[in-house]
Every structure is written in structure tokens, then in C-alpha cells.
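Proteins come first, then strands; the chains are lettered A, B, ... in the order of their sequence lines, and each starts at number 1. Quantities reported herein were computed from a predicted structural model and do not represent experimental measurements.
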There are 2 protein chains.
Amino acid sequence: MKISHRGEYALKCLMALSFNYGKGVVQLRSISEKEGIPYKFLEQIMIALKQGGLVKSQKGKLGGYQLSRSPEEISLGEVIRLIDGPLAPLGNESELKKLVKERGRHSGLYAVLLDVRNACSAILDKQSLRDICVKTIELQEKGTEAYMYFI
Amino acid sequence: MKISHRGEYALKCLMALSFNYGKGVVQLRSISEKEGIPYKFLEQIMIALKQGGLVKSQKGKLGGYQLSRSPEEISLGEVIRLIDGPLAPLGNESELKKLVKERGRHSGLYAVLLDVRNACSAILDKQSLRDICVKTIELQEKGTEAYMYFI
DNA sequence: TTATATCATACAAATCCTATAGGAATTATA
DNA sequence: TATAATTCCTATAGGATTTGTATGATATAA
């Protein structure tokens, strides 16, 4: 699995929304500036996230985006799959399973790639956006400055 | 990490060379036909594998390729890094470490991505080409047909 | 009515990936 | 020596993907 700029932007934006969860909507302009993400590019990404059911929007003046579920209920794996496709290094889980089952000349290779896919999934499908928030704050508290994410 | 066609071809070709290790050189024409890899494309890949020190060649008529080390001494991770770059889903190990250390707004995210990278590395850097040969044969023996890889 | 958002589509630019082409250099063999 | 078969090397073409820009439509608070 490889995370594109698009995917990285999506993750960063969702983290911003996670930190602001329960405080109403956040505008893209603000996130775009804070995170250094090209505004119009971010708009497109948000449409995909909305169609994927991760965020909901409020149109018009004072509009913006917010998470459609609580940060605990959204995993990194779900985000990455939505934006960048399957976690497997080759094809996807069911394709790999099929290739292993077929017992062809490279079934051993595919079996290991399936292991890799499962290892990635074990991490990314378990880590929620909230877990990342907590982890980030913990990392910050070890340092001198307190964590701040004001939009 | 994502494996390209180029990377998949490289792995398949190296598996062919692994199964034939100790039996002299194997010609690309043969591998190309057996594996359905475009011949001229495979040539380029082999040059990269040679420059990376994984294979050695014999020129001229009756020439061909063979592994430059025993299959036990070549890991999947080494092959994939050579052809498709770092295992990390974003940047590489040292970049991710640095980003986590900086304790920025997304250090928690980068920490998890580093975990993913380490999980991939734990698998791919331990599995050797020989391990894959064994695994493939085992998978074959469970079925009715015996394994055969004649070039 | 106006200002400010999201929504949607088209398109442009750049990069990467895949594959092909043509030939040079090397070597076994007749 | 000539020939055939192979690796070696570079250039390049075509396509796919990624990244980003442009333009305008639609919705809504003030």
C-alpha cells in the first residue's frame, strides 16, 4: 500500500476535523491554509470523503465540513482504502487469496504478500482517528509545548 | 508499499532463478515466455537487478543470468526496495522517524505509519527467496500435482 | 441582495509506468 | 572466420495516474 499526496491530505484534513469534533463545521479555507493543502484540490478530496460517508457538509455562508461519525468509529484503514485503494501490495485481499489457492508457480510469493496485507490491515483497521489524536497529544506532552489545534 | 508490474516481474524472475540455483545460467527468453513477461522489458529489469548486485550475467551465446548469492541470502525486502523503493507507505523510515520526533501536528499519524512500515519490514526482510521456494512447494504438495519448474 | 461556502465538471501539466526499438558488445560453435 | 544467440545500453513513445487549476453552479447566513 502506498499513500499518495491526495491520501495524505485526506488524512490530515480528517485529523483536523477529529480535533474539532462536536464543535460544529470547519471551513476548507482554514484547513487549506493551516495544512498547506491547495484549496481546490482539497475541495475535490472532500467530495470523495463525503461520498464515502466519512464527512458531512453544510452549504452556504458559514458552511463547512464535519465528521459524519465520531472519530472512534473511523479507522485509518477505511480512509486509506477510500482514497488510495486496497492495502495489499499487489491486487487486493480476495485476489491474493485466489492466487494462493490456485497453487500456481508463485503461490508461495502471493502467500507472503497476503501476510503483508494482513499485517497492514491489523494495524490500520484498528487505529481510529481518535487513537491518532490521543497518540499525537501524548507525543506532544512529552515535549515542552502543549498541543494546540485551533482552526 | 506498492509493488508495480516491474516489481512483480522482478520477483517472478528471481524465483525462477532461485529454483534453478546451482544449475548454471538461465536465459531471459525462456523466463519471458514461461512467465508472460515482455522480453525487452525484462531485459531492463535484469540490468537493474544486476546493478543492485542480486544477479550476475554471462554474455554471449549460451549466456544468461543466475543469482549472485544463494536464495537464502536474498530477502524479498531487498528486491522490493531495489525495484519499487522504500517499504513505508509514506516517505521512508528515516523521514518518518524524523517527522515523529519533530512532534508536529501529525506526529501521531506518522507514528502509526512508521508502525506499518516496521510490520512490512518484519515480514519482507525475513522472508528469503529460498523461503518462498519452500513455501511454494509445500503449497503444491498439498494438491495432487507435484511441483515443477523446468526452464 | 450580497458574501461566502460547498458542489461539480472540465481540463492542463507533470510525473511515472509500461513497453518497444535499434543497435552495440560479447561469446559459443560450425 | 562467420554466424547465431545472448546480454547490454540508450532513446523514446504511449498511456495511465497524479496533481493541480479554472470556471461556474448551487445553497445559505447575514
Side-chain angles (χ1 to χ4, degrees), chain A residues 1-13 16-17 20 24-33 35-68 80 82-86 89-91 151, chain B residues 1-13 16-17 20 24-33 35-68 80 82-86 89-91 151:
Chain A
M1 167 253 335
K2 168 82 180 307
I3 299 178
S4 62
H5 278 192
R6 192 180 167 87
E8 187 179 353
Y9 294 162
L11 287 168
K12 286 181 172 176
C13 182
L17 296 185
N20 284 73
V25 300
V26 179
Q27 280 126 35
L28 291 193
R29 185 69 62 183
S30 150
I31 294 177
S32 157
E33 285 167 4
E35 301 288 353
I37 304 172
Y39 177 71
K40 284 304 220 175
F41 198 18
L42 184 56
E43 274 190 333
Q44 290 182 34
I45 294 168
M46 296 316 287
I47 291 174
L49 292 180
K50 190 189 176 190
Q51 289 172 348
L54 297 188
V55 300
K56 56 188 178 185
S57 65
Q58 184 180 316
K59 285 193 193 175
K61 195 173 179 178
L62 301 196
Y65 285 92
Q66 61 190 132
L67 293 184
S68 63
I80 293 173
L82 180 62
I83 300 296
D84 282 323
L90 207 70
I151 291 289
Chain B
M1 165 257 331
K2 168 83 180 306
I3 299 178
S4 62
H5 277 193
R6 193 181 165 84
E8 188 180 353
Y9 294 162
L11 286 168
K12 287 180 172 177
C13 182
L17 296 186
N20 285 72
V25 299
V26 179
Q27 280 126 33
L28 291 193
R29 184 70 62 183
S30 149
I31 295 178
S32 158
E33 285 167 5
E35 300 289 352
I37 304 171
Y39 177 71
K40 285 303 226 174
F41 197 18
L42 184 56
E43 275 189 332
Q44 290 181 34
I45 294 168
M46 295 316 288
I47 290 174
L49 292 180
K50 191 188 175 189
Q51 287 171 351
L54 297 188
V55 300
K56 57 187 178 185
S57 64
Q58 183 180 315
K59 286 191 195 174
K61 193 172 181 179
L62 301 196
Y65 285 92
Q66 62 190 132
L67 294 184
S68 62
I80 292 173
L82 180 62
I83 300 296
D84 282 323
L90 208 70
I151 290 289

Do B/Leu17 and B/Met46 have side chains that get closer than 4.5 Å, going by heavy atoms?
-> yes
Any side-chain heavy atom of B/Arg6 within less than 4.5 Å of one from B/Ile45?
->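 Yes, their side chains come closer than 4.5 Å.
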For nucleotides 9-21 of chain C, 5' to 3', base contacts (B), sugar-phosphate-only contacts (S) and non-contacts (-) with protein non-hydrogen atoms under 4.0 Å give -B-------SBBB
Which parts of nucleotides 25-30 of chain D does protein reach within less than 4.0 Å, heavy atoms only, written one letter per nucleotide 5' to 3' as B for base, S for sugar-phosphate only and - for none?
-> --BBBS
Could you give me the CA-CA distance, side-chain angles and deciding distance for A/Ile83 and A/Ile3, then say whether side chain to side chain contact (heavy atoms under 4.5 Å, CB included) is met?
-> CA-CA 9 Å; A/Ile83 300 296; A/Ile3 299 178; over 6 Å; no
Whole-Å gap separating [atom2] ([N]) and [atom1] ([X]):
X	N	atom1	atom2	result
A/Lys2	D/dT17	NZ	P	14 Å
A/Ile45	D/dT21	CD1	P	12 Å
A/Met46	D/dG20	CE	P	16 Å
A/Ile83	D/dT19	CD1	C1'	14 Å

How would you list, by chain and number, every residue that makes a side chain to side chain donor-acceptor pair (under 3.5 Å) with B/Glu8, sequence neighbours excluded?
->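 Side chain to side chain donor-acceptor pair (under 3.5 Å) list for B/Glu8, sorted by chain: A/Tyr110, B/Lys12.
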Enumerate, atom names and distances included, each donor-acceptor pair closer than 3.5 Å involving a side-chain atom of residues 54-67 of chain B, sequence neighbours excluded.
{"from": "B/Ser57", "atom 1": "OG", "to": "B/Lys50", "atom 2": "NZ", "distance (Å)": "3.2"}

Any residue meeting ring pair (Phe, Tyr, Trp, His ring centres under 6.0 Å) with A/Tyr39, in chain and number order, not counting sequence neighbours =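 Ring pair (Phe, Tyr, Trp, His ring centres under 6.0 Å) list for A/Tyr39, sorted by chain: empty.
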Heavy-atom closest pair, residues B/Ser32 and B/Ile37 =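 That closest heavy-atom pairing would be OG-O, 2.7 Å.
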Could you list all the salt bridge (Lys or Arg N to Asp or Glu O under 4.0 Å) pairs where at least one residue sits in residues 36-46 of chain A, not counting sequence neighbours?
->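 Listed by first then second residue: A/Lys40-A/Glu43.
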